Asks: 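So that we are looking at the same thing, I have put the structure below in structure tokens.
Counting convention: from 1, in listed order, for ligands and their atoms alike. The model shown is predicted, which means the values in this text are computed figures rather than measured ones.
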Amino acid sequence: MSTLAELLTQSTREGELYDRLPDGRLRCYACGHCCPLPEGAAGVCKVRFNQHGRLQVPWGYVGGVQCDPIEKKPFFHAHPGALAYSFGMLGCDLHCGYCQNWVTSQAIRDPRAVAPPIDAAADQLVRDALRQGARVIVSTYNEPLITSEWAVEIFRAAKGAGLVTGFVSNGNGTPEVLEYLRPWVDLYKVVLKSFDDRHYRELGGRLEPILDTIRRLHAMGFWMEIVTLLIPGFNDSRDELQRLTSFVASVSPDIPWHVTAFHGDYKMTDPPNTTPEMLLGAAAIARESGLRHVYAGNLPGQVDGLEDTRCAVCNELLIARLGYRIKAYAVTRDGRCPSCAAPVPGRWSEAFDGQIASHPVRPGGPRLNLLRSS
Ligand code: SF4
């Protein structure tokens, strides 16, 4: 029986995001590590490797599929209520001790993470997404940048079928990968984990490439929202939150910032769970920093209205939420406040048509014709 690493080595094709260095090594540009790869070597992510002078990259499978309300990503200013057909791959370029998707993200690094790949073709996934009623398709659950070529293959088919596309990413990008993705990715969620380079190095990354990616995403016209998981004792000091939220506001005060509650997971089980008061305190700092759309997540009904969207000009209630469920919707067809007509930043559908699901569900209806690799 093949090991997971052997299976994934077979499910590849030559990638596009690399150059040859003068000394014969390959330089991968899919994420901020920019690994130089000698013959036979894999990158930090473990899923891209130099084989006979060509960069082989993941292709033709998914690690899992789920139908999520778009509010779960979380995107609050992009097609509210839409069903987001969400696929994950395997592997990651970071190794966060608190990862909530570690079974897929650490599948090759950690022998306890067992997530066999599921063979899939791009048009199969798109057909299945349409069958579920999805309007959005999202690469999520592990780091999508490391499988950018495969995501583009799926998104090319998805856009042909009228779907909106998105990434949920740690933001450890490069100028090259963002240029490559720009024609195919509409929505980009960055998980900004900290504003301290030492913390990022503990997670296996660096802060600067992530800040650079955030600046570029905004300048290039992706619709971006940012989320920070608030971990007591790790990233919740007033100073760090002030610097983090001031940075986001300096890129644009209209970028929605979500601060969400931590619970112990994977290797990080010591910190206490985040309380509603901690979220409210962080949200207040974000407001002081100038952010206009601040949300508190993972504690439905306990965050004093910070699940709702309000007009930044007149404070009119635009979207009322409880958890992922939309309770009321008042954004106009052209994306404005119905009270003062101020434009609401985001990507708005012409109307809110109700939700197919306000909680995650497995794809239903006719079975997705996917075969487990053996
Ligand atoms: S995706 Fe990132 S970690 Fe993986 S090989 Fe490329 S640069 Fe290295």
Side-chain angles (χ1 to χ4, degrees), residues 4-5 7-21 23-63 87-97 99 101-102 104-110 113 115 117 139-155 167-182 184-185 188 190-193 197 200-214 216-217:
L4 179 57
L7 281 176
L8 296 185
T9 300
Q10 290 157 18
S11 303
T12 61
R13 63 177 278 177
E14 186 180 5
E16 298 182 87
L17 288 159
Y18 78 98
D19 275 343
R20 284 193 176 76
L21 298 174
D23 62 6
R25 293 181 300 171
L26 306 181
R27 169 85 71 194
C28 175
Y29 295 111
C31 90
H33 290 315
C34 295
C35 298
L37 300 169
E39 171 61 36
V44 172
C45 61
K46 309 282 191 207
V47 295
R48 300 168 73 92
F49 56 93
N50 179 346
Q51 184 177 53
H52 311 313
R54 300 196 314 185
L55 186 74
Q56 294 297 119
V57 305
W59 197 266
Y61 67 91
V62 292
F87 64 92
M89 298 292 289
L90 300 173
C92 191
D93 57 331
L94 302 183
H95 48 257
C96 306
C99 183
N101 294 312
W102 65 274
T104 51
S105 72
Q106 303 302 311
I108 305 135
R109 252 188 222 109
D110 188 330
S139 184
T140 178
Y141 305 132
N142 73 322
E143 178 47 49
L145 287 169
I146 67 174
T147 49
S148 286
E149 290 95 338
W150 174 230
V152 163
E153 176 76 0
I154 297 168
F155 289 173
F167 261 25
V168 177
S169 163
N170 61 31
N172 188 27
T174 63
E176 291 85 354
V177 75
L178 298 184
E179 287 292 339
Y180 180 76
L181 295 172
R182 180 57 287 215
W184 307 108
V185 176
Y188 205 113
V190 175
V191 183
L192 181 55
K193 298 164 190 284
D197 190 59
Y200 262 104
R201 286 175 191 268
E202 285 172 29
L203 309 178
R206 291 182 297 125
L207 177 61
E208 196 48 46
I210 290 152
L211 303 188
D212 188 52
T213 296
I214 289 172
R216 287 177 189 275
L217 287 166

Asks: Looking at Arg48, which atoms of ligand 1 are within less than 4.0 Å of one of its heavy atoms?
Replies: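 Answer for ligand 1: 1 (S), 4 (Fe), 5 (S), 6 (Fe).
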Asks: Would you mind listing which atoms of ligand 1 come within a distance below 4.0 Å of any non-hydrogen atom of Gly43?
Replies: 5 (S)
Asks: Quick check on contacts: which atoms of ligand 1 are under 4.0 angstrom from a heavy atom of Cys34?
Replies: 7 (S)
Asks: In terms of ring plane angle, is the pair Trp150 and Trp59 parallel, tilted or perpendicular, where the classes change at 30° and 60°?
Replies: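 Aromatic pair Trp150/Trp59 classed tilted.
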Asks: Can you find a heavy atom in the side chain of Tyr200 that is under 4.5 Å from one in the side chain of Asn172?
Replies: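 They are not in contact (no side-chain heavy atoms under 4.5 Å apart), so the answer is no.
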Asks: Only one of Gln56, Arg54, Gln51 passes side-chain hydrogen bond (donor to acceptor under 3.5 Å, both in side chains) with Thr12; say which it is.
Replies: Gln56
Asks: At less than 4.0 angstrom from any non-hydrogen atom of Ile146, what atoms of ligand 1 do you find?
Replies: 1 (S)
Asks: Got an N, O or S from Cys28 under 2.8 Å of atom 4 (Fe) of ligand 1?
Replies: no
Asks: Of Cys35, Cys31, Gly204, which has the heavy atom at the shortest distance from atom 2 (Fe) of ligand 1?
Replies: Cys31
Asks: About how many Å separate NZ of Lys46 and NE2 of His95, when rounded to the nearest 0.5 Å?
Replies: 10.5 Å
Asks: Is Glu176 salt-bridged to Arg27, cutoff N-O under 4.0 Å?
Replies: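 Between Arg27 and Glu176 there is no salt bridge, as every charged N stays at least 4.0 Å from the carboxylate O atoms.
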Asks: Within ligand 1, which atoms have a heavy atom of Ala30 less than 4.0 Å away?
Replies: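 Near Ala30, meaning under 4.0 Å from one of its heavy atoms, ligand 1 has 1 (S).
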Asks: Testing Cys92, Ser139, Ser169 for side chain to side chain contact (heavy atoms under 4.5 Å, CB included) with Leu145, which one passes?
Replies: Ser169
Asks: If the cut-off is 2.8 Å, does any N/O/S atom of Cys45 fall short of it from atom 2 (Fe) of ligand 1?
Replies: no
